[in-house]
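Since we're looking at a predicted model, the values are computed, not measured. Every chain is numbered from 1, with letters handed out A, B, ... down the list of sequences.
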Amino acid sequence: MPYDPSSLEPRWQAAWEQAGSFAAVRDERPKYYVLEMFPYPSGRIHMGHVRNYTMGDVVARFKRAQGYSVLHPMGWDAFGMPAENAAMEQGGHPRDWTYANIATMREQLKPLGLSIDWSREFATCDDDYVHQQQAMFLDMLDAGLITRKSAQVNWDPVDMTVLANEQVIDGKGWRSGAVVERRELTQWFFRISDYSDELLSALDGLTGWPDKVRLMQANWIGKSRGLQFRFQTVDAPEGFEAIEVYTTRPDTLMGASFVALSPDHPLVRDLAAADPRVAAFVEECRKIGTTEEAIETAPKLGFDTGLTVKHPLDADWHLPIWIANFVLMDYGTGAIFGSPAHDERDHEFATKYGLPIRATFGERGMSLEQADALVAKAPFVPLKSETVTYVRGFSGAADQTGEAAVDAAIAHAESAGYGEGVTKFRLRDWGISRQRYWGCPIPVLHCDTCGTVPEAKENLPVLLPQDVSFDVPGNPLDRHPTWRQATCPNCGGAALRETDTMDTFVDSSWYYARFTSPHAATPTDRADADYWMNVDQYIGGIEHAILHLLYSRFFARAMVKTGHLPESAKEPFDALFTQGMVTHEIYSNALGGEMITGSDAVAENALEEDRLKNRIKYYFPEDVVIYEHHGRRRGITKQQVKDANLYPLKQEDLSFALVEGKIKFDVVVSSSAKMSKSKKNVVDPVNIVANFGADTARWFMLSDSPPERDVEWTAAGAEAANKFLARVWRLADEAGEGGDDPDLTRAAHRAIADVTKAIEGFAFNKAVAKIYELANAVGKSKAGGEARRAVLRIMAQLMGPMVPHLAEDVWAMAGGQGLLVDAPWPKADPAMLEDDTVVLPIQINGKRRAEISVARDMPKDQIEAMVLADETVRRFLEGAAPKKLIVVPGRIVNVVA
RNA sequence: GCGGGCGUGGCGGAAUGGCAGACGCAUGGGACUUAAACUCCCUGGGGCGCAAGCCCGUGCGGGUUCAAGUCCCGCCGCCCGCACCA
């Protein structure tokens, strides 16, 4: 009987379930909390999920074997726009759509054999979760962590609704096609910016996080030291006698050539009220979306107000005031001075509008003329740590670094009294208001008498009304006939409910804490949180490096402040791993605008493809057959092969069929990209599990590609994975009688050491390679009987975290006692790991020319003597003494001739 | 535009500054078979050579070092994020 995952996998899953193997329990063992970022219930699981959860499962099972009490939960990030979009497109209710998707996905996930404690499952749209989140919101409101202020949104003037950034395409609303405007709304915010410094400095302690993520967060928080000062205005309207600016480069003050205001600056508003030309310019600026990307990539636009300011160091020197579309109101003071000689953007702006470009400094030793010449065509922006020569300096030495010059300039401004050094952060408060239905209602009321009033805790949860429709754009809560009507908990009078719901990032900012006690009547249970927090290993995509992870770090602090988490949990994730995406080749019918019918064009060009996307037809991988023809990969649709009565067409019959004209290549193979429904380059995990079993899918996801990098799903790779697992199964099935093989036992212990190290280091691809080596050793070995079974049991243990079903079967066949899942992780015998002799490569002038075999502990002088006596070395030296002889013990020898 | 990352055979990848290409896939050859599939063995960066061996080779151009895929500087290409996608 061959390897049959379809019978074996359900059997072991049932065994684990019956044994209750994965229930997380508080006991005397040390605890380990493994968490993968929870999925959005889009409707079907995809390969990205399989990869993410397989990695987490490897860690969970590995730690379990190492004697930890493991918490490995699963839930659903269930609020969000797709449910509303589905309701708009297909009718139905977001709640029904969401829960149906969850049911489907749970059924698709379970056959993967993940070691999850399913009793802890919840969805963020559950009434209970909403309830606890609202309770925390009230606590946080009370603790001063929440505020209300004005913020800009994308406004679709036709649909009369707020759009998400992704719903704005080329500055237009995705449904209406209307040019989107920026509008101001009063919104709810978490005061994350109060924690800027704390969130930044605490990054140093996150030693279990990738450096790149810490760096991205540090840059996002963006601490900067600069000078804040006032320009005195000339002839400006009343109330605008001075303009406050902030600069991180006060040392370039003598190179200032203009002042630029944000279109949202108060002075600009004042001017716009009086001058229609200003108003028109501002309106033009507002047609750019709200994203920083849109603002920064839009062409730089300026408007000369005609007003001027006095330079703080020379009252007779007047600078023009411009309005510029790239100046952000959110950062600094909404006003800057332009220093075109030393800033890319200012240089572009000055060049476009004919404003002066005056160097403040040049390369070391340059004269004023040389420095001005240097910056005429392009700005000079050296590293701040580099020493430069100031040609228009006003403080500090002539030759100094940018850093020193900034400090000197701040000191100068402070002693002269025209400005002060300040520290600013780029991080803005976290706006959580969404003008949408399918989210957690913000539990607040608006009372005519009492103003904005928090709902009383005993009135929670504030649940969404069920009788809503999505046939008209806009927020159904706003137009619901009765839902808004409520009683003010303060005065007992009539009040209106807040109709904003919360950003779904709020839901995902504390689910990790809720998993520690998912059914508690309070947001957390302190004993459980104390025991299970922190998450020891968090695993998810790099796309969450900034927002989700930063918000979660803030939220944990807010939960500490409101007593929902212990102080020790303020950094909730001890270690983080960011895994890569799953990609696949793309199969389509067209390239370069022509329908491809067996022509030579196979290469891919993303831009071209984008331009032609409307004419391109995509094929699912399961609908095409790929052949190698004249060294190129070409595709034919299965339908075509069937129509020609040739299915299944063999490679060797291909040329015949082509020559006879029975078939032609009509599918272009394009390079791999992230799996997406629109390009149909998706492989359904359900099909893979049905065809090959879950273990094959898991094994493939772990093989070959390093976990942090993208992995390309290929049919050949999946088959190879399946073949290997079948081979391992046969090795166990066919184990016969025989004697010892010390080399095999050594190989097994080597494998224990290597695989353990690889799993600990998240190098699953290397662990897989080491298991291949062990399997090859088993296959070659003559060992039999208990000696062979002992090695097979080790192999089962090492494979257990990755392919748990097969491993259980091999374990049982090789005479393992009880369930493998309960067996402790094997330990390598140190005596088995060391060889007595080592082969030392000999390099001559850095190139490998020979090797010698020496005792591991041979002294250096003996090695040197052996090297000099070596025939190849003597040939290269031609009788001369080496210039140098480098011996790195146990590693390498280099002879410099 | 700004921030972050990645780039090694035909392909996925391996390599505490120390033998580049572990391991796997594809290819080619062979064994088994009436035949095929399965399986097993060998081959497996490019070039020259009967061979021993030699030369070239880690996106491109420089540099540091006895020694560079790895460190430094400057480019090119691709990917991720940019605050209302999740």
Trainee: Please state how far atom NZ in A:K149 lies from atom C1' in B:A83, giving the value in whole angstrom units.
Mentor: 13 Å
Trainee: What is the distance from CG of A:N722 to C1' of B:U39, rounded to the nearest Å?
Mentor: 14 Å
Trainee: Donor-acceptor pairs under 3.5 Å, side chain of residues 839-854 of chain A to any protein atom, not counting sequence neighbours: which ones?
Mentor:
residue, atom, partner, partner atom, Å
A:N845, OD1, A:A897, N, 3.0
A:R848, NH2, A:E851, OE1, 2.5

Trainee: Parallel under 30°, tilted from 30 to 60°, perpendicular over 60°: which one fits the rings of A:F555 and A:W430?
Mentor: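 Taking A:W430 first and then A:F555, their aromatic rings stand perpendicular (interplane angle over 60°).
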Trainee: From the set B:A86, B:C54, B:G4, return the single nucleotide nearest to any side-chain atom of A:H544.
Mentor: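 Ranking B:A86, B:C54, B:G4 by closest atom to the A:H544 side chain puts B:A86 first.
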Trainee: Both distances below 3.5 Å, Watson-Crick or wobble geometry, any strand: find the nucleotide opposite B:C60.
Mentor: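 Answer to the pairing question: B:G74, which forms a Watson-Crick or G-U pair with B:C60.
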Trainee: Checking base pairs now: Watson-Crick or wobble, both atom distances under 3.5 Å. What partners B:G1?
Mentor: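 Pair assignment: B:G1 / B:C82.
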Trainee: Sequence neighbours excluded, which residues qualify as salt bridge (Lys or Arg N to Asp or Glu O under 4.0 Å) partners of A:R727?
Mentor: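 Applying salt bridge (Lys or Arg N to Asp or Glu O under 4.0 Å) to A:R727 gives none.
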Trainee: Using a heavy-atom cut-off of 4.0 Å across all strands, would you classify A:V896 as base, sugar-phosphate, or nothing?
Mentor: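 Sugar-phosphate only.
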Trainee: Can you check the A:E712 CD to B:G10 C1' distance for me, whole Å?
Mentor: 13 Å
Trainee: If you check the A:M581 side chain, which of B:C54, B:C6, B:C79 turns out closest?
Mentor: B:C79
Trainee: Please measure how far the C1' atom in B:G13 lies from the corresponding atom in B:A26, and state the result in whole Å.
Mentor: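 Here B:G13 and B:A26 have their C1' atoms 14 Å from each other.
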Trainee: Toward the 5' end of RNA chain B, which comes first, A:S705 or A:R730, by nearest nucleotide?
Mentor: A:S705
Trainee: Less than 4.5 Å apart, any side-chain heavy atom of A:Y331 and any of A:S224?
Mentor: yes
Trainee: Could you work out which one of B:G81, B:A14, B:G18 sits closest to the side chain of A:I546?
Mentor: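 Among the listed nucleotides, the one closest to the side chain of A:I546 is B:G81.
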Trainee: Which part of the nucleic acid, if any, lies within reach of A:G541 when heavy atoms closer than 4.0 Å are counted: base, sugar-phosphate only, or nothing?
Mentor: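 The answer is nothing, as A:G541 stays clear of every strand by at least 4.0 Å.
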Trainee: Hey, which of these two, A:V162 or A:D710, hits RNA chain B nearer its 5' end, going by closest nucleotide?
Mentor: A:D710
Trainee: Hey, does A:N894 reach any base, or is it just sugar-phosphate, or nothing, if we go heavy atoms under 4.0 Å?
Mentor: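 Since a base atom lies under 4.0 Å of A:N894, the category is base.
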Trainee: Do side-chain atoms of A:Q579 reach the backbone of A:P707 as a donor and acceptor pair under 3.5 angstrom?
Mentor: no
Trainee: Could you work out the separation of B:G18 and B:C72 based on their P atoms and round it to a whole Å?
Mentor: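 So the two P atoms sit 15 Å from each other.
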Trainee: If we only count heavy atoms from C-beta on, is the A:M675 to A:H46 side-chain gap below 4.5 Å?
Mentor: no
Trainee: Could you measure between the two C1' atoms, the one in B:U43 and the one in B:G29, and give it in whole Å?
Mentor: 7 Å
Trainee: Answer syn or anti for B:G4, where the cut-off is 90° from 0 on the glycosidic torsion.
Mentor: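 Anti, which is what one calls it when the glycosidic angle falls more than 90° from 0.
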Trainee: Side-chain N or O of A:K884 less than 4.0 angstrom from OP1 or OP2 on B:C66?
Mentor: yes
Trainee: Once you round it to whole Å, what is the distance between P of B:G18 and CD1 of A:I842?
Mentor: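 Taking atom P of B:G18 as the reference, CD1 of A:I842 is at 19 Å.
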Trainee: Tell me which residues in residues 288-301 of chain A put a heavy atom below 4.0 Å from RNA chain B, sorted by number, or none.
Mentor: A:T291, A:E292, A:E293, A:E296, A:T297
Trainee: Pick base, sugar-phosphate or nothing for A:L215, based on heavy-atom distances below 4.0 Å to the nucleic acid.
Mentor: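 It contacts sugar-phosphate atoms only.
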Trainee: For B:C66 and B:G30, measure between their C1' atoms and round to the nearest Å.
Mentor: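 Rounded to whole Å, the distance is 46 Å.
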Trainee: Out of B:C55, B:A83, B:G81, which has the shortest distance to the side chain of A:R428?
Mentor: B:A83
Trainee: When you measure from the centre of the six-membered ring of A:W220, is the NZ or CZ of A:R426 closer than 6.0 Å and no more than 45° off the axis?
Mentor: yes
Trainee: So do A:K770 and A:K757 actually touch side chain to side chain, heavy atoms under 4.5 Å?
Mentor: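 Side-chain contact under 4.5 Å: no.
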Trainee: Are A:R750 and A:D754 within salt-bridge range, i.e. N to O under 4.0 Å?
Mentor: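 A salt bridge links A:R750 with A:D754.
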Trainee: Please check if the number of heavy atoms outside A:E734 that lie under 6.0 Å from its CD is greater than 12.
Mentor: yes
Trainee: Which parts of nucleotides 19-32 of chain B does protein reach within less than 4.0 Å, heavy atoms only, written one letter per nucleotide 5' to 3' as B for base, S for sugar-phosphate only and - for none?
Mentor: B--BSSS-------
Trainee: Roughly, in whole Å, what's the span from CG in A:N845 to P in B:A68?
Mentor: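 Distance check: A:N845 CG to B:A68 P gives 11 Å.
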Trainee: Please classify the nucleic acid contact of A:F326 as base, sugar-phosphate, or nothing, using heavy-atom distances under 4.0 Å.
Mentor: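 A:F326: no heavy atom of the nucleic acid under 4.0 Å.
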Trainee: Taking atom C1' in both B:G12 and B:G21, what distance in whole Å separates the two?
Mentor: 13 Å
Trainee: Judged by atom type as modelled, is there a donor-acceptor pair below 3.5 Å linking the side chain of A:R175 to the main-chain atoms of A:D159?
Mentor: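 Between the backbone of A:D159 and the side chain of A:R175 there is no qualifying donor-acceptor contact (under 3.5 Å).
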Trainee: Give the table of side-chain donor-acceptor pairs shorter than 3.5 Å for residues 210-218 of chain A, with sequence neighbours excluded, one pair per line with atom names and distance.
Mentor:
residue, atom, partner, partner atom, Å
A:D211, OD1, A:R214, NH2, 2.9
A:R214, NE, A:L206, O, 3.4
A:R214, NH1, A:L203, O, 3.1
A:R214, NH1, A:D204, O, 3.4
A:R214, NH1, A:L206, O, 3.3
A:Q217, OE1, A:R553, NH1, 2.8
A:Q217, NE2, A:A545, O, 3.0

Trainee: A:Q187 near the nucleic acid: base, sugar-phosphate alone, or nothing, with a heavy-atom cut-off under 4.0 Å?
Mentor: base
Trainee: Applying a 4.0 Å non-hydrogen cut-off, can you work out what A:P706 is touching in the nucleic acid: base, sugar-phosphate, or nothing?
Mentor: sugar-phosphate
Trainee: Which nucleotide in the list B:C85, B:A83, B:G4 gets nearest to the side chain of A:W220?
Mentor: B:A83
Trainee: Taking CG from A:N101 and C1' from B:A86, how many angstroms apart are they, rounded to a whole number?
Mentor: 14 Å
Trainee: In the strands shown, is B:G10 matched to any nucleotide by a Watson-Crick or G-U wobble pair with both distances under 3.5 Å, and which?
Mentor: B:C25
Trainee: What's the gap between B:G28 and B:C38 when it is taken at their P atoms, as a whole Å value?
Mentor: 14 Å
Trainee: Among the nucleotides B:A86, B:C6, B:G4, which one has an atom lying closest to any side-chain atom of A:L547?
Mentor: B:A86
Trainee: Given the P atoms of B:G57 and B:G46, what is the spacing between them in whole Å?
Mentor: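 Going atom to atom, P in each nucleotide, I get 16 Å.
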Trainee: Distance check needed: B:G3 P versus A:E344 CD, whole Å only.
Mentor: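 Atom-to-atom, A:E344 to B:G3, this comes out as 11 Å.
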Trainee: In whole angstrom, give the distance that lies between atom CE of A:M701 and atom P of B:G13.
Mentor: 12 Å
Trainee: Please work out if A:Q435 contacts a base, only the sugar-phosphate, or nothing of the nucleic acid, heavy-atom cut-off 4.0 Å.
Mentor: base
Trainee: Under 4.0 Å, heavy atoms only, any strand: does A:R849 hit a base, just the sugar-phosphate, or nothing?
Mentor: sugar-phosphate
Trainee: Pick base, sugar-phosphate or nothing for A:L550, based on heavy-atom distances below 4.0 Å to the nucleic acid.
Mentor: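 Nothing, no heavy atom under 4.0 Å.
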Trainee: Using side chain to side chain donor-acceptor pair (under 3.5 Å) as the criterion, list what pairs up with A:N85, not counting sequence neighbours.
Mentor: none
Trainee: Given the C1' atoms of B:A14 and B:C25, what is the spacing between them in whole Å?
Mentor: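 The same atom, C1', in both gives a distance of 15 Å.
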